[in-house]
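What follows is a set of notes on a single structure, which appears directly below.
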Amino acid sequence: MTEEKYLNAGLRESATFDRTAMAEIRRAAQSGIYDIRGFGAKRRLPHFDDLLFLGASMSRYPLEGYRETCNTSVTLGTRYAKNPITIDIPVTIAGMSFGALSANAKEALGRGASAVGTTTTTGDGGMTPEERGQSTKLVYQYLPSRYGMNPDDLRKADAIEVVLGQGAKPGGGGMLLGQKITDRVAEMRTLPKGIDQRSACRHPDWTGPDDLAIKILELREITDWKVPIYIKVGATRTYYDVKLAVKAGADVIVVDGMQGGTAATQDVFIEHVGIPTLAAIPQAVQALQEMGMHREVQLIVSGGIRNGADVAKCMALGADAVAIGTAALIALGCNHPKYAEEFKKIGSAPGFYDDYQEGKDPAGISTQNPELAARLDPVEGGHHLANYLRVLTLEAQTLARACGKSDLRNLEPEDLVALTVESAAMARVPLAGTQWVPGQSF
Amino acid sequence: MRTVDLNEAAVRDLNQALHDQSDECTERDWQVLNPKGAHNLACGLDQNLSVEIQGHAGYFCAGMNKKATVTIEGNVGQGVAENMMSGVVRVKGNASQAAGATAHGGLLVIEGDAGARCGISLKGADIVVKGNVGHMSCFMAQAGSLVVCGDAGDALGDSLYEVHIYVKGEVKSLGADCVKKEMRPEHLEELTELLNRAGIDEDPAAFTRYGSARQLYNFKVDNAAAY
Ligand SMILES: Cc1cc2nc3c(=O)[nH]c(=O)nc-3n(C[C@H](O)[C@H](O)[C@H](O)COP(=O)(O)O)c2cc1C
């Protein structure tokens with residue numbers, strides 16, 4: 001019987017115990033261990049699709065597409081760093097570790113980002129020469145695990161990102177399962193080959209914002225105050241976290257919403273911890289504004305960004321730039337339908353694949369298997385990523401010009417309306433066609 | 001010998017002067033006066049320098065040290081010699097929490113006691129403590145060694161990997177996956193060498209060795225209670 005016939009025959013599927021819930025119960029009963037996977041939250045959440053731009057009309061003046069300029073460059077780290085970073089487009093590549101990703105994938109990310117004048121970021125596993133070599137502007141992550149951390153790489157970095165958390169798992173540590181620990185990955189992390197690596201969730205040598213302020217000063221001292229220092233937080237109590245990050249001395253704050261991707265985390269964590277990206281941005285911006293630091297300390301937002309509209313909406317809500325992880329991997333070929341047959345062999349399908357932790361990615365991206373990794377040509381991958389980043393920028397510019405803005409950062413909440421009550425409340429913009437901002441007016 | 005008096009100079013001036021020695025070394029012997037517990041003293045060094053800090057130092061003293069020998073004639077705050085790569089850091093007094101955290105190489109000697117989490121996430125450096133260490137020392141430590149001539153606090157070596165731990169005194173309790181191990185000749189040899197390098201006169205035979213039972217290296221349902 002087809003699904004339609006089931007329904008016509010009066011069979012009814014439970015909305016509570018749907019097929020996903022049932023499959024998970026069976027999986028848990030079989031294996032006795034929680035589900036670990038990659039990717040980000042898969043549940044439906046209030047997101048940027050729930051916002052719309054109000055284009056120019058009688059009361060606003062649009063800019064001429066293609067002719068009148070719309071600036072996209074942003075300078076990050078203007079607060080304390082001797083050498084702030086200027087990116088040509090406000091879309092950066094988020095931190096993804098070598099270990100989670102193949103060396104070719106890391107190289108492709110570097111090539112693509114460099115081609116369009118933006119930054120790429122290391123991850124939980126240290127800096128590889130391929131990545132440094134191919135990235136004109138590279139952000140070096142400073143994580144609780146400190147795998148591969150060394151002062152030489154620190155001094156080679158163009159910025160340092162102190163990672164307190166990730167949107168996919170605020171409050172959680174990292175995980176890299178044994179299948180992905182090759183000799184090279186093991187050596188970079190000073191651990192035996194083939195073991196499951198648990199990265200700590202707290203930094204080993206400081207706790208709390210007062211300590212963090214001293215830690216940041218240490219990093220500045222070691223790098224002679226040259227490079228910007230970012231603080232990355234998973235979106236939870238964003239308003240307070242941003243205030244504390246500013247107090248601790250951040251040049252740039254990265255807020256990663258709960259949709260943000262991950263390489264390997266418990267599914268229960270990915271789906272049930274944190275707040276949506278949409279809800280986090282206004283909290284962060286409010287905190288910065290109250291401290292007189294909006295635009296002084298730059299805000300980078302990530303978590304579920306897919307297209308130029310998402311970029312423009314983030315910026316209209318007050319972000320200075322965005323970061324992408326999952327979308328960049330898809331641009332490189334992650335989940336590509338051309339691997340349908342191979343996905344089938346490993347019990348998955350294009351568009352559904354999220355077992356990054358297994359290291360069997362047919363697209364050769366989230367793997368350390370040399371044969372699979374060789375499928376991704378870093379030059380071609382870099383080219384695709386650069387194309388995609390250009391499209392994001394052009395789309396965001398199109399929307400900004402339509403709103404009469406000569407700089408992406410001139411977009412403002414006033415340019416936006418919401419389609420749902422939830423998104424209106426979270427984004428703090430009116431429900432379309434009304435003056436109503438739930439929580440702020442009646 | 002060059003002297004920097006922190007009553008007159010700022011920490012930034014001190015560190016910059018020490019970093020300038022990486023490009024061209026004009027002075028190997030340095031002395032720091034009136035440190036008064038300042039944070040981040042002599043961090044990020046990358047040259048064969050000898051730096052004597054005449055007093056107490058704050059957090060992250062000699063952080064990420066490479067090549068240099070840094071001696072603190074007093075106590076140090078949190079994270080002394082954190083992520084050290086090489087060289088020697090010697091604390092004449094006591095050290096606060098997370099001494100030698102994540103250090104990859106070099107030798108850290110603490111002549112007094114060390115607080116909690118000494119050698120946390122250690123990645124290859126050697127730490128020798130003449131006195132006692134606090135709880136959770138060598139938590140998740142990956143490589144290198146910790147020698148404790150006094151006693152160790154609770155949960156020693158919790159979730160450790162391949163670090164070598166030697167304790168002469170009492171261990172209040174062992175952390176998850178940390179077990180007492182046989183002291184074979186190669187361990188006695190290693191310990192003798194560590195004590196010699198640290199300049200500490202102790203009988204290696206009086207120590208007990210601890211290490212990983214390697215039961216938590218791969219996730220197993222049967223171990224769920226330990227996670
Ligand atoms: C494969 C993969 C690996 C990641 N590794 C790290 C990491 O090492 N450190 C980190 O801070 N975030 C890591 N992240 C999270 C990203 O930096 C970023 O926050 C997230 O991907 C943004 O959301 P998006 O994927 O929806 O764009 C990883 C994400 C992915 C998909």
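Order of the sequence lines fixes the chain letters, A, B, ..., with proteins taken first and strands second; residue numbering starts at 1 for each chain. Since this is a predicted model, take the numbers as computed values, not measurements.
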Structural part of [X] lying under 4.5 Å from a heavy atom of chain B:
X: A:Thr223; value: neither
X: A:Arg155; value: side chain
X: A:Pro192; value: side chain

Just how far is it from atom [atom1] of [X] to atom [atom2] of [Y], taken to the nearest 0.5 Å?
X: B:Tyr59; Y: A:Asp210; atom1: OH; atom2: CG; value: 8.0 Å
X: A:Asp224; Y: B:Asn15; atom1: CG; atom2: CG; value: 8.0 Å
X: A:Met149; Y: B:Met85; atom1: CE; atom2: CE; value: 10.0 Å
X: B:Ile120; Y: A:Arg202; atom1: CD1; atom2: CZ; value: 8.0 Å
X: A:Asn150; Y: B:Ser86; atom1: CG; atom2: OG; value: 11.0 Å
X: B:Gln16; Y: A:Glu221; atom1: CD; atom2: CD; value: 8.5 Å

(message) Tell me whether the NZ or CZ atom of A:Lys215 lies within the 45° cone about the ring axis of B:Phe60 and under 6.0 Å from its centre.
(response) yes
(message) Quick check on B:Lys123 against chain A: is it the side chain, the backbone, both or neither that has a heavy atom closer than 4.5 Å?
(response) both
(message) If I measure from the heavy atoms of chain A, does B:Gln97 come under 4.5 Å with its side chain, its backbone, both, or neither?
(response)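 Neither the backbone nor the side chain of B:Gln97 comes within 4.5 Å of chain A.
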Can you establish whether the number of heavy atoms outside [X] located under 6.0 Å from its atom [atom1] is more than 12?
X: B:Glu24; atom1: CD; value: no
X: A:Lys82; atom1: NZ; value: yes
X: A:Glu187; atom1: CD; value: no
X: A:Lys243; atom1: NZ; value: yes

(request) Return the minimal non-hydrogen interatomic distance between B:Gly63 and A:Glu218, and the atom names on each side. (result)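 Of all heavy-atom pairs spanning B:Gly63 and A:Glu218, the closest is CA-OE2, 3.4 Å.
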(message) How close do A:Pro204 and B:Ala98 get, counting heavy atoms only, and between which atoms?
(response)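 Heavy-atom minimum between the residues: O-CB, 3.5 Å.
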(message) If you count heavy-atom pairs within less than 4.5 Å of chain B, which of A:Leu154, A:Asp152, A:Thr190 leads?
(response) A:Thr190
(request) State whether the side chain of B:Gln142 and the backbone N or O of A:Leu191 hold a donor-acceptor pair below 3.5 Å, judged by distance alone. (result)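 No, B:Gln142 side chain to A:Leu191 backbone: no donor-acceptor pair under 3.5 Å.
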(message) Counting C-beta onward and ignoring hydrogens, is there a side-chain heavy-atom pair between B:Met64 and A:Leu219 closer than 4.5 Å?
(response) yes
(message) Consider side chain to side chain donor-acceptor pair (under 3.5 Å). Of A:Thr207, A:Asp211, A:Asp205, which one does B:Gln78 pass it with?
(response)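 So, applying the side chain to side chain donor-acceptor pair (under 3.5 Å) to B:Gln78 and each of A:Thr207, A:Asp211, A:Asp205, only A:Asp211 qualifies.
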(message) Quick check: under 4.5 Å, non-hydrogen atoms only, which of residues 38-51 of chain B neighbour chain A?
(response) B:His39, B:Asn40, B:Cys43, B:Gly44, B:Asp46
(message) Using a 4.5 angstrom heavy-atom cutoff, name the option from B:Glu162, B:His104, B:Met140 with the most pairs to chain A.
(response)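 Answer, by heavy-atom pair count under 4.5 Å with chain A: B:His104.
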